[in-house]
Amino acid sequence: MHALDKTEAKFALLKTRLSEISDIESAAAVLHWDQATYMPIAGASARGRQLATLKQISHEKFIDPAIGQLLEDLRPCEASLPYDSTAASLIRIARKDYDRAVRVPSEFMAQFSRHQAACYEAWAKAKADNNFAAVEPYLEKTLELSQEYSDFFPNNEHIADPLIDLSDCGMTVANLRPLFAELREELIPIVDAIASQPSADDSCLHQDFPESQQLEFCRTIIERIGFDFKRGRQDKTLHPFMTNFSIDDVRITTRVYENNLAQALFSTIHEMGHALYELGNSPEFESTPLAGGISSGVHESQSRLWENLVGHSRGFWECFYPQLQGVFLRQLGQVSINTFYQAINKVACTPIRTDADEVTYNLHVMIRFDLELALLEGKIAVRDLPEAWNECYRRDLGLVPASDSIGVMQDVHWYVGTIGGMFQGYALGNLMSAQFYEAALKFDPEIAVEIEQGNFSLLHNWLKKNIYQHGRKYSAAELMERVTGSALTIKPFIGYIRQKYGDFYSF
Ligand code: ZN
């Protein structure tokens with residue numbers, strides 16, 4: 001065999017191996033989707049076991065030294081190809097994933113995942129009983145395991161860096177802290193100014209809106225935007241999410257509150273944004289490590305772009321409000337578009353992150369980020385977390401949650417994941433969404449005009465070409481630089497907030 005043929009054979013073998021692993025992970029994703037949508041409750045323990053088995057098989061197959069050897073042998077091939085070629089990118093990303101995976105012993109991963117399942121169960125009960133003390137020992141163990149995980153990656157500047165790297169690769173405490181400090185400094189005076197003024201009346205959203213009509217309208221909207229129901233579907237769940245089993249099979253889920261029109265509507269548009277990203281991957285990335293989204297921040301930027309910058313815009317509703325009124329004539333027939341627009345953009349300091357508007361949302365996220373770091377650094381103890389949480393809410397949002405259930409226990413993340421790296425992606429996503437959208441409008445100002453007519457193809461095509469098709473090929477920082485011509489900054493987001501909310505409130 002010639003050297004070239006040998007290289008080609010090795011590359012083909014690597015692709016086959018990685019594709020098998022991707023198949024196992026997709027099968028696990030189907031099981032997980034089923035668990036969250038249709039599975040009868042009694043199936044939970046068997047399902048947990050099945051998922052753990054698949055996770056273990058895929059992990060073992062991936063950390064096989066033979067894969068490490070193939071990646072090593074393919075180094076010269078990678079170096080000889082252009083950086084952004086599919087083959088070089090595939091080898092580069094697979095190596096990055098491999099290097100990370102082999103550092104953490106399988107037994108540790110298994111122990112961590114068993115603990116996470118137990119912690120989740122304890123959290124669900126503790127939250128229902130408003131009893132933080134019941135979940136406290138579990139959370140202490142999570143903190144310990146998170147610190148231990150971090151220890152597998154020596155030479156990091158901050159203990160949280162390896163945990164942040166898991167979801168927002170390339171981001172570190174050293175670059176996030178100043179970014180978030182700047183963001184907080186800009187946001188706090190805006191939130192204070194808004195809070196001192198009368199808040200918008202959103203009672204029009206809290207009437208009786210039958211579930212079937214809501215679901216039908218949501219379906220109409222996302223189909224019009226570009227969600228292809230031949231390559232995806234939407235189902236109901238408790239906590240909305242997006243998952244996918246291939247580039248051509250993407251699932252979104254939603255929940256419907258009959259007394260709150262905003263819930264299903266905007267969570268559907270949000271999850272659709274995640275789905276369009278995955279559906280827009282280059283088809284040649286199918287079952288390779290290049291498929292998917294590059295980071296939680298970039299993924300969230302795509303959901304927030306559609307949900308907020310488009311879905312909460314005046315232009316969007318110029319087109320869709322008459323249709324919405326047609327569906328809910330009794331409830332909205334007498335409500336003006338102005339009233340509706342102000343209702344969906346109501347700004348209010350609330351204790352719950354997922355209920356937060358786009359002005360206050362980042363404050364919720366940054367509180368969690370700070371607390372994660374303080375816990376990892378040993379500056380606060382788990383038992384003092386509820387008090388620290390409430391103090392942060394008093395400081396930034398001027399309120400104290402009425403209970404720990406809607407305070408420190410409101411989000412599932414720490415109780416089913418790690419402490420560290422769980423939240424920064426939400427704030428990064430908001431910042432990135434504004435920076436990407438600004439670049440899109442600069443490229444073609446017609447995008448905004450088209451949206452008012454209910455045409456989304458200009459924007460959708462721009463996103464496909466500049467972001468979606470690349471999957472995991474470029475790092476978040478590389479993508480940002482390529483698409484917008486500069487590194488991530490808070491300016492487009494703050495500019496957007498000032499312009500939009502400056503029209504409603506004076507600040
Ligand atoms: Zn999201």
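Just follow the structure's listing: the first ligand is 1, and inside any ligand the first atom is 1.
Protein atoms that are N, O or S and lie under 2.8 Å from the Zn ion (ligand 1) are these: His270 NE2, His274 NE2, Glu300 OE1.
For Tyr426 and Phe369, the distance between ring centers is not under 6.0 angstrom. The distance between the ring centers of Trp414 and Tyr138 does not fall below 6.0 angstrom.
Annotation: cation-pi geometry satisfied between Arg304 and Tyr361 (NZ/CZ under 6.0 angstrom from ring centroid, within 45° of ring axis).
Contacts classified as side chain to side chain donor-acceptor pair (under 3.5 Å) and involving residues 210-219 (residues at least two apart or in different chains) are given here: Glu211-Lys236.
Under the 3.5 Å distance criterion, the side-chain polar atoms of Asn345 are matched with a main-chain donor or acceptor of His312.
Under the 4.0 Å criterion applied to side-chain N and carboxylate O atoms, Arg184 and Asp396 are assigned as salt-bridge partners.
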